[in-house]
Amino acid sequence: MGPLFRPRHNTLALISLFVVAAGAAGVPAGLMVYARTPYARGMQDPIEQPVQFDHRHHTRDEGIDCRYCHNTVDKSPAAGIPATQLCLNCHSQVWNKSPILEPVRQSFIQNKPMEWRRVYKVPEFVYFNHSIHVNKGVGCVSCHGRVDQMAAVEKATPLTMSWCLECHRRPEANLRPVEEVVNMDWKPDGDPVAVGRELAAKNDVHTRTSCTTCHR
Amino acid sequence: MSCDDNKDARTKDRDRRRSLPVVDKSVAPAKGAAPADGGNGLWRSQRPWRSIDERDRQGAMPGAANEFPAGTMDVDDNVSRRGFMQLLSVSTAVATVGAACQKPNEKIVPFVRRPEEVTPGNPLHFATAYALEGYGSGLLVESHEGRPTKIEGNPAHPQTIGATTAIEQALILGLYDDDRAKQLRQGVTPIAWRSLLGQINANNAKLAENRGAGLRFLTAPTTSPLLLDLRRRILERFPQAKFVSYSSVADDGAVDGARMAFGKPMVPRHRLGSADVILSLDSDFLAEGPEQTRLSREFAARREPSPRMSRLYVVEPAVTVTGAMADHRLRMQGTEVGSFVAGLCSVLASRGLEKLAPLASLSHGERKWDMKWLVALAGDLERHRGSSLVIAGCRQPPAVHALAAALNAALGNVGVTVEYGAPLTPDPLSGPAPLAALAQDIAAGAVDTLVITAANPVYTAPADFKFAKLLERVPNSIYFGLNEDETAAACKVMVPAAHALETWGDVRATDGTVSIIQPLIAPLWGGIQEAELYAAFIGEGDVGANKLLRRYWQGQFKGGEFDAHWERWLADGIVPDTGVAAEGGVAVDGAALAQTVAPLLTRTKSGMEIAFVVDPKLYDGRFANNAWLQELPHPITKLTWDNAAMLSETTAKALGIETGDIVEVTYRDRHVDAPAMIVPGHVDDTVTLPLGYGRTGVGVGGVAKDVGFNAGALRTSDNPWYDRGATVAKTGRRFKFAITQDHWTMSPDGRVIPPPAVEGPIEEVLKRDSKFHEEIEVRRGPLPTIHEPVDYSKQAYKWAMSIDLNKCTGCSACVVACVSENNINVVGKENVWRGREMQWIRVDRYFSGNDDSLSMITQPLMCVHCETAPCEYVCPVNATVHSDEGLNEMVYNRCIGTRYCSNNCPYKVRRFNYLNYIADYTAVRELGMNPDVTVRTRGIMEKCTYCVQRIERKRISTRIEGRTIADGELETACQQSCPTRAIVFGSLNDASSKVSQQHADPRRYDLLHEIGTRPRTAYLARVRNPNPELHVPDAHGAGQEHGKGEHE
Amino acid sequence: MSDGHEESTFVARRFIVAEFASPQALLDGTTKMRHGGYKSLDTHTPFPIHGIEEALGLKRAKIPAIVLGGAIIGACIAYSMIYFMNVIDWPLNIGNRPPHGPPANIPITFELAVLLGGGSAFMGFFALAKLPQPYHPVFESEQFSRASIDAFFLSVELPAGADGDRAISDVKAAGAIATELVTESER
Amino acid sequence: MAAPHPSVSRDPLEPQPLIEGVHTDKTINDSLLAHVWRGAGKGWFALFSVALAMLGLLVIAISWTLYKGIGAWGNNIPVGWAFGIINFVWWIGIGHAGTLISAILLLFQQKWRTSINRFAEAMTLFAVICALLFPLLHTGRPWFAIYWLMPYPSTNGIWPQFKSPLTWDVFAVSTYFTISLLFWFLGLVPDLAALRDSSKSKTKRMVYGLLAMGWRGSGRHWAEYKWAYVLLAGLSTPLVLSVHTIVSFDFATSVIPGWHTTIFPPYFVAGAVFSGFAMVMTWMVPARHFLGLKHVVTMKHLENMNKIMLVTGMMVSYGYIMEHFIAWYSGDPYEYAQFFKTRWGGPMSGIFYLMVFCNVVTPQIFWFKKARTSIPVMWIASIFINVGMWCERFNIVITSLHQDFIPSKFENYSPTWVDITLFIGTIGLFSTLFLLFLKFIPAVAVTEVKELRHELAHDPTADPVGETH
């Protein structure tokens, strides 16, 4: 009746072995890589907001300070999303007919809050506090990127725990004089490391990596 | 020392408190929008909370706020804090890639107009007060974006002095209780408040015809100036109308007793600060009554081991918190106390207190107690004239109170340790007597309109009134209550009341000081306020409580700019100089008193004694729907989710009853079936029945349903507390108790293990080289180890705690405070029975001695934050590790739930979420969660964190200010609520800190020190101050084991 | 065979499959053949036979070295992994234990040594044996299926162009009780 | 049952033969493969359907546990571990006999192992599979546990904690399973070839052919094969000892009285072998009967196993005694209370006394040759021992936990239906796998028996019976 298998089956056998091995090693590795991609981190995907609010215009052109709208950023865990009233401080005078701002006016008239889409989100069990970071000289740009160059705000940083840890272990790279925190294009003059060190000393920065610093 | 505490506490608290009128200003624009919120919004004056209401009506209830409360809250329920871990747990797709967080898919909802004092993300504290039995306790309520989340005591308030009771802590849960009455209804048809007002007006006209003869108000006892003023105005309009105040736990005995002794009704006010010898006649003054927090503090202050340490004698039938603190406890039937105190009078008279001479002759029947005890006590009192105190309990008849008053007068204590003042309310009596009068009127058909604002009288009224039946005879009955309870079912109109934290009002403390009650949140279900209901009868029902209150106080206010003062009052929580001075110069006419009392003391009845007690958790039953209190272990029996017919071991043996047997208790041919429990130190031949259970009301929700038995069904108006002639019979059925502590003694099954709690008599403690100190010294200090201990001295803080067992009364306020602060889940009876209770603080309770010489120690035990924590090295995923400051951290989000840490914890202080207890939280309930603490879902280990969320908040705020946290500036939730200041928290790196001193105290010892865990929580041993004339119970007598809790 | 195929570079290998009566006969026969100058010999038996290495003139087995290597590598990986993760990358205060606690590292170090050692023994064997190899020319022989049951075979690969008949006679002379010439098939 | 006809084995000290009857390679081959070729009988199907039913229970219990959470079990605080861990340790222990027989006895060149090692190794595999269910299942959040326990570079930048015995367990048990599998398969390859070549139907040949991977009994292969096999055995020997040692560390490294004991490692290993052999016995007795293996699994094999049970039983008893001695001698009040109060008189003392009866008393009957060689006696005894070893783990896990240090947190424990169903379910899983194994793979290592036969034949003391046929 002749042999059970043919010569070609030898190659077949080897190939299939290889495929199994490659799969076993590749799938987990692939997942680990994926987890680090901007896509998986939800970075750089533009988010549709109820009103096309343009940060470029407000910060760069009008030179409005971040803290005018996000006015609890230096005294509260939350940076604060401006109340409708705040928008209308200006927009009751300027662009007060503009159709783009209709939702804002409606919100005020109907006394219904605006429903903005969240861009930056850390898990519920992470307690990030804006005020301490801002008061110790961590600039907005360190986490939020060049908001002044974004038409629609998008996530600029991965916000993975290891990313947070990086700075909590070596904060120098992200420090600046406290009065410069909102400055989008501040650059350290001189050796950044040296500047960072002396800022850390000046602002009395001591970052902690104890779990309860963020998880409570 | 306690006074100092208060002072800096007060200064400390000023700045973090705000007054609501500031909020009112921000309301201005809202008034315009008032129609938008369903009519009854006029008085609903706080603007910021409107947004919640709108969410409410849109049906989109916010989830518990997260750490980005960008204005108010999160709309997407899925990703609310409770949702999150569930979400992670299901979306393993996300999880498997180890993604820390998923695509942002939720909304941020800012304010439309942000009230200027609200900083999203930072809590505010508002001062308010809570009225119970007519007396107010001052509270500070923590509020996150308008959601009250935590109750604290107001240090400025004379009655709470910064502490709270377990019941006050639990108010938060009551506020968000989804079973509350939500609909104003007439019969079964819902009606609007305005239309009810219309009807009331119409009815008023009719009533006015015969000057309101048919109008009756059945109210809870009250001292509220506003309510009393409204009452005055109502009575002006309807002179024939009557106000009856009723409470099933009223302290009428004291008032009547004072009347007997002094000739006029008076209310005693006690001062333990200067009391060297205290005799409690069946009075649980440390855990009962409006003064309890203050008295506990004053008592504890005098328990510092020193020659000045006070001595406490307690005479009582069943062990109470106070009895457990006693240096000498005499168990005695409630009906015996009268003759006991008479006996005391005669002994003291014979010792030359001539004032008592007339009372010496009082016959005290055949005595059942140890005369030696009585003589020793008498001697002690006599030696401490002017610095002793006799307190009679609210369950004792007037005669006993009268004799107690006489004793105090004779001993010269009046004005020093006790003072008598006129009642703060026009109707001093609020017990069965006034209710009986009302019952007669109703029976006689004289009542046309009955307005009930008292707490659920149908359930609490004595059984012989058959109150529900009576109500059928009232044409117009209006019930004003929180729940659709038994009374609501019996009344024609049900008016849903606003919760205490939703109302405007005022109330007096026992010393008369007025506190303004201000709402923390707009009524979640549009509840009505008591003042408004009253006002309806003078045609001002729609004015709104806020206006009524301001108007009244503006009227009272003399001179100066009102608004400024008003704000100050709200901010401080008290109205200055409103205290009522006590009356000096009270005199006792001994002879007259002897005549009045003599007949009352002769015991006529015989047979087994039946005794009713107020439940320390559910009170008179009004808190039955509060799961926190239901699950709170009873301070003595450690029983949860039930009440029990309590018996002494001897009596139980005689009747062939064991713990867990269901017995039939019969009294005056009424009977209830009740599970029996043998309790150490209980007096023989007496059955004690706690009130407040066995609620059957229609609207009483899942929590209270079918929990326990209703002892009230046996209660009669003539003997509301004690009587003889009860019978107890075995039914043969068994019952499963959910008890959190099975074992009564420190060495169950005769185990020889070092006692967890150490105690000693005072002279031993004062001698440095005594047996006591030998005992203690081996329980502290370093042990040899192969691991170089980590050095924490370089850190900014070295957190540590100390608990003074000498001060801990076991009142359990800390337990509820911790539950409230840390979002701890309720597990329900079945799981408590299985041993899965979640409270982080376990108040361990140990008896020693025998029934006659019983002593008890309570030991609050939560994670002691061992420096060499055995739980840490066994965790495979680094979910529990040490912080740089030596906290034993529990990282919920890393925990995979192997439970290995709990197994290896020698203290067994870790708690595990065996089931998904948060699954059935309503959206409203979530509003009450503390947004600073992660809510734990199923499969996660948790434990005491030393309130790390408070540490971190304080750390951040102080670091921003560029300073370090000062000692005492940071308080844990348990510490904050502790009435006796037994718990101290702070940094050991600050040598001057309170906790450092406590750790250096000669009484300091470490629990399970011999294992070498180096706990950060130290205990200070319990010290007793026994009378040398009486035998001193062995320091920690490995007392014989008492009956175990049924646990099969 | 490969008739249909033009310009096929395939050269079919030829084997002589010879059966022997007993293990001993097989051993003797094999030794004879080897001394007779036949290079690529192989035996096929249902169970290992003592002395077959000598008969075939095999060198020392390579497996032991491979396993040793595997085990050592495993141990190193384990210890350095633990050291990196708990000491270098993120040292944590675990109940006051030092970050680097050698005793605690022993178990895993040992386990990984065993795992990689055992793994390399397994992999190593199949690699050396070039298995899986479902097809081998000797399978062309009808009788060969008994090689795994109760028969003892010697297979001789003939060099290209060698004379089959002569080889057969040599095998017979070496004591084979039956012989067969098989040719590798192409596909 | 003495041998009715001349047999191969001439050791005067070993009256019973290792192989009964006169055989050629062919007859051995056919007789040992017979039960594979023979169609599944009614008996097999009956057993198999029972096993499947129990397996169904397992599926139900697992899904309910995953749906409800661990609260579906009876665990509480302080009894954080209960049935889950008991079953885990019990099954792992059972696994040990297989490796011991195939590896250690191989190194000691115990000829009698050959007829039972395949059987025992299979049991190891299936037992470990059952055991592996529990560590994962008993965690609160298995969906994380399954990969957070692995040392992989996560985006959290956090690693496993290598001081935890549980982490050691993860490595130990997975290594144990892998090595056992490789070892088993390596030994199986020649037999698969035999199956391939002696099977009648094309498909069977195909399947077995694929599994045999083209094995052609090449002398060059055998040369390496023998080394690979012996070295795997050599590695498995310390491995099998380490695995249960590490399992015992789960308890020994803790501070809990009743756990914190230095004697645990040896005493766990002995217990493991003890229960392992018991389980082999429980299955072997019926198997050799129904699969017609009596001629290769002879009374001598059974008797040797009984002897080992006696020895290991004594070791375990010694362990119990030492535990109590140390508890008394150390003067540690908690230890003392744990052993002399809780175990002897606590609410769960019944289990303790049952354990003592099963593990200490039962094996003593094996002092008597009559008992050692009586099939019913040894079978019943083996079942007793299985029960006893389960009780031992109950004592260690639950009894120790439910009363440890602080009296106020002593709690009782009672299992739920899920606990019990899970345990029954794993027995179902084990039986299912085992029956499938008996159906498709020769229960005895054919190749090794053939080799053994030849060795015995060449044994100078043996006459060349069965040699010339």
Side-chain angles (χ1 to χ4, degrees), chain C residues 23 30 41-50 52-53 55-56 58 61-64 67 71 78 81-82 85-86 89-90 92 94 97 101 104-105 107-108 110-112 114-115 117-119 121-122 124-126 128-129 131-136 138-139 144-150 153 155, chain D residues 24-26 29 151 157-163 165 167-168 171-172 174-176 178-179 182-183 185-186 189-190 193-194 196-198 209-210 212-229 231-232 235-236 238-239 242-243 245-246 249 446-448 450-451 454:
Chain C
T30 314
L41 299 171
D42 199 353
T43 60
H44 306 275
T45 56
F47 50 85
I49 292 173
H50 286 301
I52 204 68
E53 293 85 348
L56 287 168
L58 301 178
K62 298 184 196 59
I63 288 287
V67 174
M81 171 183 78
I82 298 172
M85 292 174 179
N86 279 183
D89 189 49
W90 198 346
L92 285 156
I94 304 295
R97 274 68 174 172
N105 303 350
I108 292 178
F110 172 79
E111 296 299 333
L112 246 64
V114 171
L115 184 61
F122 188 82
F125 165 71
F126 284 104
L128 290 173
L131 291 179
Q133 188 179 355
Y135 174 83
H136 188 277
V138 293
F139 287 126
F144 190 77
S145 65
R146 286 172 49 241
S148 62
I149 297 171
D150 61 350
F153 290 95
S155 71
Chain D
T24 65
D25 292 337
K26 183 88 181 109
N29 190 74
I158 189 159
W159 304 103
Q161 203 275 92
F162 287 100
K163 290 181 186 66
T167 323
W168 307 343
F171 285 83
S174 49
T175 303
Y176 186 40
T178 321
I179 296 296
L182 300 183
F183 191 44
F185 183 77
L186 194 62
V189 168
R196 172 195 65 199
D197 294 337
S198 48
L210 279 174
M213 301 202 294
W215 176 262
R216 50 183 191 277
S218 149
R220 300 170 182 279
H221 293 176
W222 279 124
E224 302 283 0
Y225 178 94
K226 280 190 287 185
W227 274 108
Y229 197 69
L231 285 172
L232 266 174
L235 287 167
S236 311
L239 175 63
S242 78
V243 169
T245 302
I246 289 174
F249 284 165
V446 185
T447 312
E448 294 190 31
K450 290 178 189 163
E451 187 183 6
H454 278 267

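Heavy atoms only: backbone and side chains are in, while hydrogens, waters and symmetry mates are out. Throughout, a chain's letter reflects where its sequence line sits, starting with A, and its residues are numbered from 1.
- Phe125(C) places none of its side-chain heavy atoms less than 4.5 Å from the side chain of Leu231(D).
- Using a 4.5 Å cut-off between heavy atoms, Ile82(C) touches chain D through backbone and side chain atoms alike.
- For Phe153(C), no part lies near chain D; criterion is any non-hydrogen pair under 4.5 Å.
- Of the listed residues (Leu56(C), Leu112(C), Ile52(C), Asp89(C)), the one with the most heavy-atom contacts under 4.5 Å to chain D is Asp89(C).
- With a threshold of 4.5 angstrom between heavy atoms, Val114(C) approaches chain D through its backbone and through its side chain.
- In terms of heavy-atom pairs under 4.5 Å with chain C, the best-connected choice from Pro190(D), Ser236(D), Pro165(D), Gly157(D) is Gly157(D).
- A donor-acceptor pair under 3.5 Å is absent between the side-chain atoms of Glu224(D) and the main chain of Ala129(C), judged by distance alone.
- For Ile158(D), the parts sitting under 4.5 Å from any heavy atom of chain C are the backbone and the side chain alike.
- In terms of heavy-atom pairs under 4.5 Å with chain C, the best-connected choice from Leu182(D), Thr447(D), Leu235(D) is Leu182(D).
- Arg146(C) has its side chain out of reach of Asp197(D): every pair of non-hydrogen atoms, C-beta onward, lies at least 4.5 Å apart.
- Residues Leu115(C) and Thr178(D) meet the side-chain proximity criterion, which asks for heavy atoms closer than 4.5 Å.
- Thr45(C) and Trp222(D) share a donor-acceptor pair across their side chains, judged by distance under 3.5 Å alone.
- Comparing Ala193(D), Ser218(D), Pro151(D) by how many heavy-atom pairs each has under 4.5 Å with chain C, the most go to Ser218(D).
- Looking at Phe139(C), the atoms closer than 4.5 Å to chain D (heavy atoms on both sides) all sit in the side chain, from C-beta outward.
- Interface residue Glu53(C): only side-chain heavy atoms are found under 4.5 Å from chain D.
- In this structure, no portion of Val446(D) lies under 4.5 Å from any heavy atom of chain C.
- Heavy atoms closer than 4.5 Å to chain C are found in both the backbone and the side chain of Gln161(D).
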